[in-house]
Each structure stands twice: as structure tokens, then as C-alpha cells.
Amino acid sequence: MSAVHPALRRAATVTAGAAATVLLAAGAASAHVTVHPDSYAKGATDGVLTFRVPNEEDSAATTKVQVFLPTDHPVLGVLVHPQDGWTAKVTTTKLKTPVKTDDGTITEAASEITFTGGKIGAGQYEDFDVAFGQLPGDTGKLAFKTLQTYSDGKIVRWIEEAQGGQEPENPAPVLKLTAGDPGAAPAPAKSATAAAQASDSSDSTARGLGIAGLVVGALGLAAAAFAILRSRKPQA
């Protein structure tokens, strides 16, 4: 057999590079557990946090979600909104440092919320609403580490916090606490329609990049074939 023509080797390299770009773009488009809104004023009262949990598996459903609330900067007065098909269990923990409020001293606070009984299928997500009485006023952010369990036994740990400005592979949902009026309403969370549109847009982008990668590869192969034909053409 003859050796691979150099032009074809170059074309194969271009095609492989384009494919790698497509794979990277698809990975970047994947979703993770988030909290909405993403910011509140320090010490805000009587608000709602929505934990959005997307299903990233094609062959398994999400069957359990565990959200861990920080107790060093506790969220007070936690209440869970009923969710069709899901059962919520709130675990409380005795605080190392009690919190003084206008209504008295708080010695216990929610440390974990576990949702079970329901299912989030492939290509779907679920919003879990949690009301609070008061957010802490002595920190700039709250990280809600989350465990997502699938029907095949796989557990995804959304527990990492960003370091140096770079987002980790499995980031925990983070709520920023800003200086401002604790009574001011935050920006509303995205509606289901907006979330679906964002997802469709992301999928369209990934598909567009995939098509572009295939086009680049095809052009490279065509150029290589043309170069080979020219090199084999007899000279006059």
C-alpha cells in the first residue's frame, strides 16, 4: 500500500481539530444546578429562592435532590413550597452561634432540604421554591452545595466554589449578598418559557458549531483531493 499523501494528512488534522472544537462547545453548553435570583440584599426578609435542577443524563432520571444550607451564616425561617410528585424533608441543626432577631434568639436553622419521590426526565428540569424569613447580613455570598441523584445510582456533587474567577467543573449554586435595601424586591427568576428559549438557543448554537465543523472538514478534504489531482497531472 502507498503512504498516506501529505495533503490528506493535513486535511485529516484540520477535520480532527474541527471535531474537537465541536465537542468542547457541546460540553460548555451543558447546564448545572443554579439558584434564582442570583443575588439578594444582605439581611433581606420574606423572599423566595428557586433552585433549578436540570437533568443532564440521556438514559436516567433525577430522583433525589439534596440542597445543603450553610449554618455558619444561617438562612432563617425556611419554608418549602409543595411540589407535585415530590416530598420535601427539612433537616434543622443547632447553631454554634445563636442569631438575635426582633422576634427573639434563634438557636436552630435549616441545614438540609431533601426532595424525593419525583422524577426529572432527560431534557427536562425542575424548579424547587424555598421561602425564607431572613438572609444573613454578615457575609457576601451563600453557597448551597447540592447533590443530584439519578435513577441509575449516579450522584453528581454540585459542591465546588469558584477560585480565581474560573468556574469549576461542578459548581455549587451561589447567591450573592449585596449592600442595599433589604426590603427591595430582587430581579425575578427566569420563567419556564424563558428557560426553554435559552435552552433552545444553546442547542441551536451547538448544532451550528457542529455544522460549521463539518463544513471546515469537508473543505479541507476537497482541497486535499484537488491538490493530489494537480500533482498527478502530466506536464506538457
Side-chain angles (χ1 to χ4, degrees), residues 23-38 40 47-95 108-132 135 141-163 166-176 189-196 198-200 202-203 206:
L23 289 175
L24 287 174
S30 64
H32 51 77
V33 178
T34 52
V35 61
H36 303 271
D38 60 4
Y40 254 109
V48 175
L49 298 174
T50 299
F51 294 91
R52 179 160 295 166
V53 182
N55 189 89
E56 294 185 312
E57 297 293 321
D58 294 330
S59 58
T62 296
T63 56
K64 183 179 180 180
V65 177
Q66 296 165 269
V67 180
F68 296 88
L69 288 70
T71 54
D72 53 346
H73 302 287
V75 178
L76 306 180
V78 168
L79 295 173
V80 179
H81 188 277
Q83 197 83 0
D84 289 344
W86 294 87
T87 299
K89 177 184 176 181
V90 179
T91 301
T92 59
T93 299
K94 190 174 183 64
L95 299 175
E108 291 186 345
S111 58
E112 179 185 344
I113 305 174
T114 302
F115 299 93
T116 56
K119 287 186 178 181
I120 307 173
Q124 299 177 344
Y125 73 92
E126 190 82 59
D127 279 349
F128 299 95
D129 293 336
V130 177
F132 62 83
L135 295 177
K141 65 178 181 179
L142 294 175
F144 298 96
K145 296 181 179 181
T146 303
L147 301 186
Q148 182 177 10
T149 301
Y150 286 91
S151 55
D152 59 2
K154 178 181 178 181
I155 299 177
V156 180
R157 304 176 185 276
W158 304 102
I159 61 175
E160 301 173 359
E161 296 187 49
Q163 300 291 338
Q166 294 189 355
E167 184 173 295
E169 182 177 355
N170 294 315
V174 173
L175 177 69
K176 299 176 184 177
K190 290 182 180 179
S191 65
T193 301
S199 176
D200 291 343
S202 177
D203 291 343

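The structure displayed is predicted, hence computed values, not measured ones. Both backbone and side-chain heavy atoms feed into the values below; hydrogens, waters and symmetry mates do not.
Without hydrogens or angle criteria, Q83 side chain to D127 main chain gives a donor-acceptor distance under 3.5 Å. Side chain of T146 to backbone of F144: a donor-acceptor contact under 3.5 angstrom is found. E161 contributes no side-chain N or O that, together with a main-chain N or O of K145, makes up a donor-acceptor pair within less than 3.5 Å.
With rounding to the nearest 0.5 Å, the separation of CG in L142 from CG in D72 is 8.5 Å. Rounding to the nearest 0.5 Å places NZ of K94 at 6.0 Å from CD of E108. Here the CD-NZ distance, from Q124 to K119, works out to 11.5 Å after rounding to the nearest 0.5 Å. Separation of atoms OG1 (T87) and NZ (K64) is listed at 12.5 Å; rounding is to 0.5 Å. I155 contributes atom CD1, which lies 6.5 Å from atom CG of L147 (distance to the nearest 0.5 angstrom).
The shortest distance between side-chain heavy atoms of V80 and V90 falls below 4.5 Å.
Note: F51 and Y125 fail the aromatic proximity criterion, with ring centroids not under 6.0 Å apart.
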I'd like to know whether V130 forms a side-chain contact (heavy atoms from CB on, under 4.5 Å) with L79, so could you lay out the CA-CA distance, the side-chain angles of the two residues, the decisive distance to 0.1 Å, and finally the verdict. CA-CA 6 Å; V130 177; L79 295 173; over 6 Å; no
Between V53 and F128, is the side-chain contact (heavy atoms from CB on, under 4.5 Å) condition met? List the steps. CA-CA 8 Å; V53 182; F128 299 95; 3.8 Å; yes
Begin from the C-alpha positions of L95 and T71 and carry the test side-chain contact (heavy atoms from CB on, under 4.5 Å) through to its verdict. CA-CA 7 Å; L95 299 175; T71 54; 4.2 Å; yes
As a quick check of understanding, evaluate side-chain contact (heavy atoms from CB on, under 4.5 Å) for Q148 and V33, giving each step before the final call. CA-CA 9 Å; Q148 182 177 10; V33 178; 4.0 Å; yes
Using residues 109-116 as the side-chain source, report each donor-acceptor pair under 3.5 Å to any protein atom, sequence neighbours left out, with the distance given to one decimal.
residue	atom	partner	partner atom	Å
S111	OG	T91	O	3.3
S111	OG	T93	OG1	2.6
E112	OE2	Q66	NE2	3.3
E112	OE2	T114	OG1	2.8

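Residues meeting the side-chain hydrogen bond (donor to acceptor under 3.5 Å, both in side chains) test with N170, sequence neighbours left out: none.
Minimum interatomic distance between A162 and P168 (heavy atoms only, all atoms of both residues): CA-CD, 3.7 Å. Minimum interatomic distance between L175 and L49 (heavy atoms only, all atoms of both residues): CD2-CD2, 3.8 Å. Residues D129 and V48 approach most closely at CB-CG1, 4.2 Å, considering heavy atoms.
Side-chain atoms of T62 and N55 form a donor-acceptor pair, as typed in the model, at a separation below 3.5 Å.
A tilted orientation is assigned to the rings of H32 and W158, their planes being inclined by 30° to 60°.
E126 and R52 are not joined by a salt bridge, as no carboxylate oxygen comes within less than 4.0 angstrom of a charged side-chain nitrogen.
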